[in-house]
Amino acid sequence: MLQVHNLIAGYGPLTALNDVSLSLQAGARLGVFGHNGAGKTTLLRCIMGAVRPVSGRVEVDSNDTCAATVADNVRRGIAFVPQGHNVFPNLSVEQNLRIAGLLFDPSFVSQVYELFPVLSERRQQRAGSMSGGEQQMLALGMALMTRPKWLLLDEPSTGLAPVIVRNVMRRLVDINERMGVGLIVVEQNVPATLKVVQQVVILRSGQVAFAGSAAELAGNTDLWKWF
Amino acid sequence: MEYVYGIIIIVGLYVVLATSFNLIIGYGGLVSIAHPVFFALGAYTSAVLSRDFGVPVLLAMFAGMVVAVVASVALTLPTLRVSGDYLLIASIGFQLGLLEVIKNLRFTGGPGGFTNIPPFLIRDFGRESYVILVLAVTIAVVLLVRLIARSDYGRAMSAMRDDEQAFASVGRDAMWMKIVIFGLGSGIAGFAGALYAHYYRFITPEQFEILQSAAILTMVVVGGVRTTWGPVVGALLLQALPQALTFLHLPPSVLGPIQGLLFTGLVLVFMFVRPQGLVPAENVWRDRTPRSRTGEGG
């Protein structure tokens, strides 16, 4: 279970998150939407331990992730695919996956190849020479190599063609259904994300403006003004 | 024969210095020029402890290594939190500052240097024993760095160099890895410094100044960054050439400038003609056996 309790966080005098709370069951799929600067990425970074909150806490299976480092949280089962900077461009696909799995189970790479056949076909290719969509698949594969319980994604569709976005989103559902990995997806592409997630949160100026089901948001276009 | 032994020892020590510097700047991607100051810390610690406090030389040598490691952590902890450029700036300040401190302390001998350092092994077993010791340390250091570079840790280092943020997102702590790499490289330099001090038995701050940084950097660049044999070749070449020039029997007023021109010329030639150095960088992934794991070669 992942619980965010009254989280307040910011950068110097700027408050990015103001009393944000949410609760997710294991294996849940959450979409986080909002304008630029609404606090979406800060929420992910707080959960990962990359930003220390002013107050509040994030608990994953009773562990306070805000008090730990990013590396500790990854080892505890929280994987993060940041926007950009998510693969080692000078290493091959296989080397990327092996590096990601060094602390975990390197043999899991076969299941990653099964989930992403394109990675298996290109295992010798330098990651930096692959297309944006393929790099995103590789980043997802690397995150899976850490055997996560939760997968946090920061705008995974950025810079991708619509057909590739659909492919990435389908893979996210596969990951959730096959492996039971919970998803928290921060996105600007709301229509594509609503096909993947079950729950949604809309952030507005660091506060939760709406929390409900994906179906509710899909049916209420009045809410769409907030992102 | 003593002359030959002296050359072997100084070449061996420079191979150790260049190899340990390659670990920091090449494999670790940490841009620092303060390597000679860790060499100095090892030399001075071992010399002071053994001469003035009666500590057995071998123990004093290891103490020199420990002091170099502690000093490296003191340098890296505050600077690595920001970015690589800060480490470079801090390393320049650290080197200049620490040498000034050494110059102004009475117990280090000040600018005049520290003399009468107790010898090690030579009195009991002859000069050959020290040559064997230095060669053994040199081989051990070269093999250790090679082993690290080709291990999973070495591959993780190459990934960290590629992208720190991606490195953190696979559960690795880049900061900790940098401190370990820097500490290990500096500790090795400290031990080399101790070996230097107990052979030459006289050290001055001038021996560890910024020209030494340039010399060690040139050895690594000319030999080949991120290679096992590059720093070895670089150290051999840049130590052997000046020695060879002495056989020309030129007056010192001519010999000095010729050596300077030679070093500068070599760096320029390598920058334009062969920037990868004499020995090309090796693939640290080569020896792995991914076939059994993935069903295909890696």
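Each chain gets a letter, A, B and so on, in the order its sequence line appears, and its residues count up from 1. The model shown is predicted, which means the values in this text are computed figures rather than measured ones.
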- Query: What are the two closest heavy atoms between A71(A) and G171(B), and how far apart are they?
  - Reply: CB-O, 3.5 Å

- Query: So which heavy atom on A100(A) is nearest to which on V170(B), and how close?
  - Reply: CB-CG1, 3.5 Å

- Check the surroundings of atom OH in Y11(A): do more than 12 heavy atoms from other residues, nucleotides or ligands lie under 6.0 Å from it? yes

- Message: Applying ring pair (Phe, Tyr, Trp, His ring centres under 6.0 Å), can you list everything that pairs with F104(A), at least two apart in sequence or on another chain?
- Response: none

- Quick one: does R172(B)'s side chain get under 4.5 Å of L102(A)'s, heavy atoms only? yes

- Item | L91(A) side chain near S158(B) side chain, heavy-atom distance below 4.5 Å | yes

- Item | Pick from V70(A), L152(A), L103(A) with the largest number of heavy-atom pairs that fall under 4.5 Å of chain B | L103(A)

What's the separation between atom [atom1] in [X] and atom [atom2] in [Y], rounded to the nearest 0.5 Å?
| X | Y | atom1 | atom2 | result |
| --- | --- | --- | --- | --- |
| F88(A) | M160(B) | CZ | CE | 10.0 Å |
| D163(B) | I99(A) | CG | CD1 | 12.5 Å |
| R155(B) | R98(A) | CZ | CZ | 6.0 Å |

- Item | Pairing residues for R122(A) by the side-chain hydrogen bond (donor to acceptor under 3.5 Å, both in side chains) criterion, not counting sequence neighbours | Q125(A), E134(A)

- Query: What part of A79(A) lies closer than 4.5 angstrom to a heavy atom of chain B: side chain, backbone, both or neither?
  - Reply: neither

